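Take a look at the structure below.
All values derive from a computational prediction rather than experimental measurement. Position 1 is the first residue of the sequence; numbering continues from there.
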Amino acid sequence: MTTTSHESTAAAAGTWKLGDLSVNRIGFGTMRLPQVGAALCADAVPRDREQAIAVLHKAVELGVNHLDTAAFYFSPLRSANELINRALAPYADDLVITTKVGPTRVPSGEWGEHARTARALRGQVEENLRQLGRDHLDVVNLRISGTASIAERFGALAELREAGLIRHLGLSNVGPAHLAEALAIAPVVCVQNPYGIGAPAAQEEMLRLCGERGIAFVPFYAIAGEGREEGSSGVESDEVLAVARERGVSATQVRLAWTLQRGPHVLAIPGTGDLGHLVDNVAAGRLRLDADELARLEALHGSAA
């Protein structure tokens with residue numbers, strides 16, 4: 001499958017650096033690849049393997065060089081990491097694979113306890129290495145739940161970074177205090193938090209803090225919103241639909257374009273298992289909303305937050 005002349009590439013969105021690794025600002029999240037329908041469910045229906053591999057091939061052909069994954073992204077028969085390995089290894093030099101550790105899913109697909117000790121976190125790092133077929137991980141995000149201190153956990157990952165198993169560190173689902181705590185231990189190259197039109201004011205603060213420090217802010221659920229793992233509900237606001245109609249683009253593209261225009265340090269990692277949706281998502285990188293459109297969407301954002 002090749003890129004056709006009418007297809008946009010991820011380069012249209014511009015680039016940002018995760019540490020010393022340059023990536024196009026439109027990336028690809030793999031959470032939806034292992035299954036059809038809702039992600040992270042024990043009884044999920046596995047996606048056709050060749051379909052999933054075709055989506056990964058197409059993403060790279062469209063210039064995507066930033067993949068977001070995790071060892072806990074799996075369904076019966078399918079694992080996002082192993083699909084990546086099967087489709088893309090040996091990996092291109094410019095391909096950056098970001099993964100995350102902390103949450104635990106047992107083989108049945110049920111959730112277990114978060115990894116909180118150095119030993120448990122190292123085990124998750126090594127499992128990602130094994131599944132991806134790599135000797136180091138480009139970026140590892142510590143994904144947390146709750147407000148407790150992350151010093152011990154982030155310190156354990158910093159030690160693995162010093163040992164050469166991890167190149168760069170990031171955070172996921174965190175607040176300002178967590179970011180400050182982590183920065184006192186080791187550099188942070190990205191923060192992955194839920195964000196999109198209507199996100200709460202606390203996330204605006206995180207977006208601002210990351211921008212001030214030159215840290216990539218990487219929204220998840222930018223399209224799905226409250227649908228989270230189940231995906232978008234299909235119900236869209238009148239304002240987003242109006243902008244989409246006027247521009248002749250999809251509502252999803254409007255949401256992604258708005259997100260990218262929140263700052264040059266904002267990256268997008270929309271995920272899908274559908275080739276058409278992938279092409280549509282990447283094309284959002286060339287959409288530039290004008291001042292009037294941004295003002296209309298900002299009003300919606302403020303009223304929903």
- Message: So, applying side-chain hydrogen bond (donor to acceptor under 3.5 Å, both in side chains) with T99, which one of N128, N141, D138 is it?
- Response: N128

- Would you call R247 and E293 a salt bridge, using N to O less than 4.0 angstrom? yes

- Item | Contact check, side chains of P46 and Q35, non-hydrogen atoms, under 4.5 Å | no

- Can you tell if the side chain of K100 reaches within under 4.5 Å of the side chain of Q192, non-hydrogen atoms only? yes

- So, Q124 side chain and G102 main chain: donor-acceptor pair closer than 3.5 Å or not? yes

- Report the distance from atom CG of L209 to atom CG of L183, rounding to the nearest 0.5 Å. 10.0 Å

- What distance separates L137 CG from I97 CD1, expressed to the nearest 0.5 Å? 8.5 Å

- Between E126 and R122, is there a side-chain N and carboxylate O pair less than 4.0 Å apart? yes

- Message: On a heavy-atom basis, which atom in N193 and which in M206 lie closest, and how many Å separate them?
- Response: ND2-CG, 3.8 Å

- Message: Between V23 and T15, is the side-chain contact (heavy atoms from CB on, under 4.5 Å) condition met? List the steps.
- Response: CA-CA 5 Å; V23 297; T15 63; over 6 Å; no

- Nearest 0.5 Å, what's the CG-CZ distance between D290 and R288? 13.0 Å

- Message: I'd like to know whether L142 forms a side-chain contact (heavy atoms from CB on, under 4.5 Å) with I144, so could you lay out the CA-CA distance, the side-chain angles of the two residues, the decisive distance to 0.1 Å, and finally the verdict.
- Response: CA-CA 6 Å; L142 175 62; I144 72 161; 3.9 Å; yes

- Task: Determine, stepwise, if the pair D280 / S250 fulfils side-chain hydrogen bond (donor to acceptor under 3.5 Å, both in side chains).
- Result: CA-CA 8 Å; D280 189 67; S250 69; 2.7 Å; yes

- Message: When you measure from the centre of the six-membered ring of W16, is the NZ or CZ of R25 closer than 6.0 Å and no more than 45° off the axis?
- Response: no

- Message: Can you give me the closest heavy-atom contact between F154 and A182, atom names plus distance?
- Response: CE2-O, 3.4 Å

- Query: Where do E204 and H301 land on the side-chain hydrogen bond (donor to acceptor under 3.5 Å, both in side chains) test, with the steps shown first?
  - Reply: CA-CA 11 Å; E204 289 295 331; H301 177 58; 2.6 Å; yes

- Task: May I have the step-by-step check of salt bridge (Lys or Arg N to Asp or Glu O under 4.0 Å) for R32 and D274, ending in yes or no?
- Result: CA-CA 9 Å; R32 306 205 177 279; D274 180 274; over 6 Å; no

- Message: Check E246 with R296, please: is the shortest side-chain N to carboxylate O separation under 4.0 Å?
- Response: yes

- Distance in Å, I269 CD1 paired with T259 OG1, rounded so as to fall on 0.5 Å steps: 11.5 Å

- Message: A cation-pi test, strictly: NZ or CZ of R262 under 6.0 Å from the centre of the six-membered ring of F217 and no more than 45 degrees from its axis. Yes or no?
- Response: no

- Message: Taking the basic N atoms (NZ, or NE/NH1/NH2) and the acidic carboxylate oxygens, is any pair closer than 4.0 Å for E212 and R208?
- Response: yes

- Task: Ignoring hydrogens and angles, tell me if any N or O in the side chain of Q253 forms a donor-acceptor pair with the backbone of A244 under 3.5 Å.
- Result: no

- Message: Looking at R255 and E236, is there a salt bridge between them, counting it only when a charged N and a carboxylate O are closer than 4.0 Å?
- Response: yes

- Task: Identify the two heavy atoms, one from A115 and one from T104, that lie closest to each other, and give their separation to 0.1 Å.
- Result: N-OG1, 3.9 Å

- Task: Mind checking the SG-CG spacing from C190 to D68? Nearest 0.5 Å is all I need.
- Result: 8.5 Å

- Task: Check the pair T69 / T30 against side-chain hydrogen bond (donor to acceptor under 3.5 Å, both in side chains), numbers first and verdict last.
- Result: CA-CA 5 Å; T69 188; T30 64; 3.2 Å; yes

- Query: Does a sphere of radius 6.0 Å around CG in D238 hold more than 12 heavy atoms from other residues, nucleotides or ligands, not counting ones at 6.0 Å or beyond?
  - Reply: no

- Message: Whether the side chain of H265 engages the backbone of G211 through a donor-acceptor N/O pair (distance < 3.5 Å, no angle test) should be reported.
- Response: yes

- Query: Can you find a heavy atom in the side chain of R105 that is under 4.5 Å from one in the side chain of L40?
  - Reply: yes

- Would you indicate whether E298, at its atom CD, is surrounded by more than 12 heavy atoms from other residues, nucleotides or ligands within a distance under 6.0 Å? yes

- If the plane angle is over 60° it's perpendicular, under 30° parallel, otherwise tilted; pick one for Y195 and W258. parallel

- Task: Test L169 against V189 for side-chain contact (heavy atoms from CB on, under 4.5 Å), laying out the working first.
- Result: CA-CA 6 Å; L169 297 173; V189 302; over 6 Å; no

- Query: Thinking salt bridges, do E82 and R49 make one under a 4.0 Å N-O criterion?
  - Reply: no

- Query: What do you reckon, is NE2 of H114 surrounded by more than 12 foreign heavy atoms closer than 6.0 Å?
  - Reply: yes

